[in-house]
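Structure, as structure tokens:
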Protein chains: 4
Amino acid sequence: MKNLKYFDKKEAIFQAMLELISKYGFHSSPMSEVAKQANVAAGTIYHYFKSKDELICALYIRLREKFVDNLFKTDDSTKPFKERFRHFYLQMIQEAIKNPKEFYFLEQFSNSPFVTNIPKANLQALDQPMYDFLRKAVFTQVLKDIPPKILVAFVIGSATSIIKLQLSGEFKMTSSDLELAFFACWDGIRKG
Amino acid sequence: MKNLKYFDKKEAIFQAMLELISKYGFHSSPMSEVAKQANVAAGTIYHYFKSKDELICALYIRLREKFVDNLFKTDDSTKPFKERFRHFYLQMIQEAIKNPKEFYFLEQFSNSPFVTNIPKANLQALDQPMYDFLRKAVFTQVLKDIPPKILVAFVIGSATSIIKLQLSGEFKMTSSDLELAFFACWDGIRKG
Amino acid sequence: MKNLKYFDKKEAIFQAMLELISKYGFHSSPMSEVAKQANVAAGTIYHYFKSKDELICALYIRLREKFVDNLFKTDDSTKPFKERFRHFYLQMIQEAIKNPKEFYFLEQFSNSPFVTNIPKANLQALDQPMYDFLRKAVFTQVLKDIPPKILVAFVIGSATSIIKLQLSGEFKMTSSDLELAFFACWDGIRKG
Amino acid sequence: MKNLKYFDKKEAIFQAMLELISKYGFHSSPMSEVAKQANVAAGTIYHYFKSKDELICALYIRLREKFVDNLFKTDDSTKPFKERFRHFYLQMIQEAIKNPKEFYFLEQFSNSPFVTNIPKANLQALDQPMYDFLRKAVFTQVLKDIPPKILVAFVIGSATSIIKLQLSGEFKMTSSDLELAFFACWDGIRKG
DNA sequence: AATGAATGAGTGTTCATTCAT
DNA sequence: AATGAATGAACACTCATTCAT
């Protein structure tokens with residue numbers, strides 16, 4: 001019971017912060033507003049988090065993990081790599097589009113000086129599954145012999161950009177557009 | 001003389017703001033600090049800009065224009081498209097790496113809610129040259145028949161991501177790595 | 001058992017408060033910290049004391065009583081007054097030096113507006129033994145005919161100041177220094 | 001003009017802080033109240049002082065200097081030492097009684113952990129004139145051969161205590177009482 | 001009796017902006 | 001045009017105290 005309550009509040013705080021930051025940005029999301037939106041007293045937030053910064057960082061790690069986990073949850077390693085990659089790539093785009101708040105928060109955070117508060121090792125760990133996924137495919141000669149870091153950057157970067165395009169509302173992406181995007185990426189990295 | 005001074009101050013303010021924001025972020029770059037760094041009184045900034053927001057937006061537009069202009073300044077339209085694109089792509093990466101402050105500022109800005117202060121039409125206008133560049137190549141069947149918006153997103157997104165990889169310091173890119181990156185992008189979008 | 005426990009907790013709270021205030025002062029000694037240091041829940045403190053102020057006042061009275069009691073515990077009324085006074089004076093200094101936390105707390109308290117929370121009558125009562133001690137000596141013409149209040153102030157004040165000198169660490173008092181201090185005080189008040 | 005205004009505000013802030021702290025203590029003297037009492041905006045205080053602590057420390061040093069200066073302003077070094085000392089001792093008591101706020105502030109400060117914020121050397125410097133005054137008298141064999149530190153502690157301590165007695169209101173000191181106090185001190189330290 | 005999560009008023013401080021000079 | 005002292009609303013955060021368990 002106690003635990004239930006505990007998690008409820010922590011969760012509510014996370015959710016409120018996410019909502020506010022994704023809409024108004026870091027510095028237009030005062031703790032008082034977070035408290036209000038989470039139905040919690042201002043002081044309560046400080047039982048769960050040492051500071052605003054820490055709350056934001058914790059939220060980032062949490063969402064990042066969830067996001068990456070999601071990409072591989074439905075990965076079927078018995079399938080051919082191309083199919084697995086297609087699933088991965090489209091999943092990434094669709095997940096982000098379904099959760100724009102989380103996507104905006106993550107992008108905003110990782111493009112701000114905030115990100116330096118998180119040790120590099122931790123950041124790397126978050127991306128590890130993606131490195132492993134692509135590195136193996138390089139090893140088995142399915143993908144071009146490109147350093148995995150570059151590979152990951154290329155794939156994530158292109159997907160991210162396409163997500164932003166869709167979320168910006170200035171371009172309504174059909175499923176065949178998504179297919180085109182996938183092929184652009186795939187042709188860019190596949191061997192031969 | 002007067003004019004010179006005038007431009008000097010405005011310029012100094014821009015420069016100071018760029019420096020501070022790229023290092024500390026929007027909300028850790030107080031106007032008083034900008035003033036100090038620009039060797040100008042706090043009040044003086046308000047002769048040139050209506051508000052902090054306006055200053056930041058003006059800086060964004062300015063840097064964005066400069067950045068895109070740069071990409072095409074050395075474009076040689078008599079060359080084959082592949083070569084022109086290669087130049088464009090590598091130029092983009094190298095320019096950003098040479099000007100990390102400007103790059104960080106632009107990324108930070110365009111991933112923050114700030115960006116909504118700028119009318120969409122204006123934002124579009126900034127990217128126009130890139131659309132035109134790629135659209136023509138689709139038309140002449142050099143590139144896959146992908147909607148230009150997607151094409152631009154794909155190209156810019158992958159390049160941006162690679163720039164970040166390099167600037168993060170966790171991967172030292174050689175020129176052959178850059179070549180690999182270019183080919184990944186090129187193979188992704190070229191026809192046939 | 002129960003009683004033992006009861007006293008243990010109250011004692012632990014007193015001790016924790018003493019420790020914190022003597023080191024950090026009133027307003028840097030939060031109840032939560034007191035609770036932590038006393039190995040007690042924050043709420044528990046409020047079973048024993050109505051408020052922080054009350055706790056602090058209770059602690060003051062307690063330490064003050066203990067301090068004064070101590071001065072006369074080993075008083076031998078059969079001895080000549082000069083000897084008794086010498087014992088009293090040196091005892092005061094040595095006790096304080098042996099218990100710096102208590103001394104600092106007492107000084108801090110009695111020089112703060114807190115002290116007004118304690119009724120004057122109570123404060124007087126605390127000092128009563130000292131008044132009596134010196135008044136008698138005035139009466140028997142061993143001491144100058146000075147109003148006892150002044151006499152007490154003079155004696156306590158000079159001793160207090162010498163204690164602070166020693167505790168400040170800027171002067172290491174030898175036992176012959178103490179003797180000099182005693183004689184200064186004694187020569188100041190003795191008759192003839 | 002500018003300077004006049006400047007000092008006016010700084011002075012008003014000092015005065016307001018003194019008033020509040022002497023009455024309510026450090027932690028019941030919020031900056032907002034200081035601002036109000038000084039007829040100044042809260043932010044203005046921070047143009048003159050980096051923090052509340054710094055303001056308080058600056059005030060301490062200021063008052064301390066003023067207090068000690070005062071003691072020697074009317075010293076006549078041609079007079080016999082006894083007379084000079086009498087003047088010094090009574091002046092100290094009378095000054096304090098005439099300026100109870102300053103006295104309370106100084107006592108409160110110097111008995112709080114605040115005092116450790118001020119480098120020991122600075123504190124010593126404040127007392128220097130008193131050391132010199134008494135040390136010389138030891139040297140010329142007017143006073144007992146007691147270490148000057150102890151001498152100063154003895155004199156200041158007894159006077160301080162007598163001041164508190166008077167200010168507490170529980171004893172109304174006549175001028176002949178003062179004379180008694182002086183002689184107590186004098187007989188304590190004079191040679192022979 | 002004992003807990004400690006929760007409260008929310010209150011604190012010190014910052015900072016975009018103004019305006020008299 | 002230029003200054004920078006002054007403003008005061010807004011902020012992150014603290015902490016004495018309460019109360020359901």
Side-chain angles (χ1 to χ4, degrees), chain A residues 1-3 5-6 8-10 27-36 39-55, chain B residues 2-3 5-6 9-10 27-36 39-56, chain C residues 2-3 5-6 9-10 26-36 39-56, chain D residues 1-3 5-6 8-10 26-36 39-55:
Chain A
M1 253 112 294
K2 222 181 206 171
N3 270 340
K5 228 175 175 175
Y6 174 87
D8 280 348
K9 296 229 159 135
K10 197 168 180 176
H27 80 291
S28 299
S29 302
M31 293 299 258
S32 56
E33 211 55 41
V34 174
K36 206 176 291 174
N39 263 314
V40 140
T44 302
I45 302 178
Y46 292 87
H47 274 292
Y48 297 99
F49 306 96
K50 264 218 283 282
S51 67
K52 187 179 182 183
D53 273 32
E54 210 193 75
L55 161 53
Chain B
K2 223 181 195 173
N3 270 340
K5 226 176 174 179
Y6 175 89
K9 294 224 162 146
K10 196 166 181 179
H27 78 294
S28 299
S29 302
M31 294 297 260
S32 58
E33 210 57 38
V34 173
K36 205 176 291 173
N39 266 314
V40 140
T44 303
I45 301 179
Y46 290 84
H47 279 294
Y48 297 98
F49 305 96
K50 259 218 291 279
S51 68
K52 188 181 184 184
D53 274 32
E54 209 193 76
L55 160 54
I56 291 174
Chain C
K2 222 182 195 173
N3 270 340
K5 225 176 174 178
Y6 174 89
K9 295 225 161 146
K10 197 166 179 178
F26 299 123
H27 78 293
S28 299
S29 301
M31 293 297 259
S32 58
E33 209 56 39
V34 174
K36 206 177 289 171
N39 265 314
V40 140
T44 303
I45 301 179
Y46 289 85
H47 280 294
Y48 297 99
F49 305 97
K50 260 217 290 281
S51 69
K52 188 182 183 184
D53 273 31
E54 207 193 76
L55 160 53
I56 291 175
Chain D
M1 247 116 293
K2 221 182 204 169
N3 270 340
K5 227 175 177 177
Y6 173 89
D8 280 349
K9 296 231 159 139
K10 198 169 180 178
F26 298 123
H27 79 293
S28 299
S29 303
M31 294 299 259
S32 55
E33 211 54 41
V34 175
K36 206 175 292 172
N39 264 314
V40 140
T44 302
I45 301 178
Y46 291 86
H47 272 295
Y48 296 99
F49 306 96
K50 263 218 283 286
S51 66
K52 186 181 183 182
D53 273 33
E54 211 193 75
L55 160 54

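Reminder, nothing fancy here: chain letters follow the sequence lines and each chain counts from 1. Worth saying up front: this structure is predicted, and the values here are computed from it rather than measured.
- Distance, B:Glu33 CD to F:dG4 P: 15 Å, rounded to whole Å.
- Between the CG atom of C:Leu55 and the P atom of F:dC15 there is a distance of 16 Å, rounded to whole Å.
- Nucleotide F:dC11 holds its P atom 13 Å from the CD1 atom of A:Ile45, rounded to whole Å.
- A:Asn39 CG to A:Lys9 NZ: the interatomic distance, rounded to the nearest 0.5 Å, is 9.0 Å.
- Pairing analysis of DNA chain E (Watson-Crick: purine N1 to pyrimidine N3 plus N6-O4 or O6-N4; G-U wobble: N1-O2 and O6-N3; both under 3.5 Å) yields stems of 3 or more pairs at E:2-21 with F:2-21.
- The aromatic rings of A:His27 and B:His27 lie parallel to each other, their planes meeting at an angle below 30°, with 60° marking the opposite boundary.
- Nucleotide E:dT11 holds its C1' atom 13 Å from the NZ atom of D:Lys36, rounded to whole Å.
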Exercise. Report, as a single string ordered 5' to 3', how protein heavy atoms within less than 4.0 Å touch nucleotides 14-19 of chain E: B base, S sugar-phosphate only, - not at all.
Key: BSSBB-
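- Note: A:Tyr48 OH to A:Leu55 CG = 12.5 Å, rounded to the nearest 0.5 Å.
- A sub-4.0 Å separation between OP1 or OP2 of F:dA1 and a side-chain N or O of B:Tyr48 is absent.
- A:Asp8 places its CG atom 14 Å from the C1' atom of E:dA6, with the value rounded to the nearest Å.
- To the nearest angstrom, C1' of F:dA5 lies 15 Å from CZ of D:Phe49.
- Residue C:Lys10 holds its NZ atom at 14.0 Å from OG1 of C:Thr44, rounded to the nearest 0.5 Å.
- Residue pairs meeting the salt bridge (Lys or Arg N to Asp or Glu O under 4.0 Å) criterion with at least one partner in residues 42-53 of chain B, sequence neighbours excluded, are B:Lys50-B:Glu54.
- Heavy atoms only, all atoms of each residue included: B:Ala41 and B:Ala35 are closest at C-CB, 4.0 Å.
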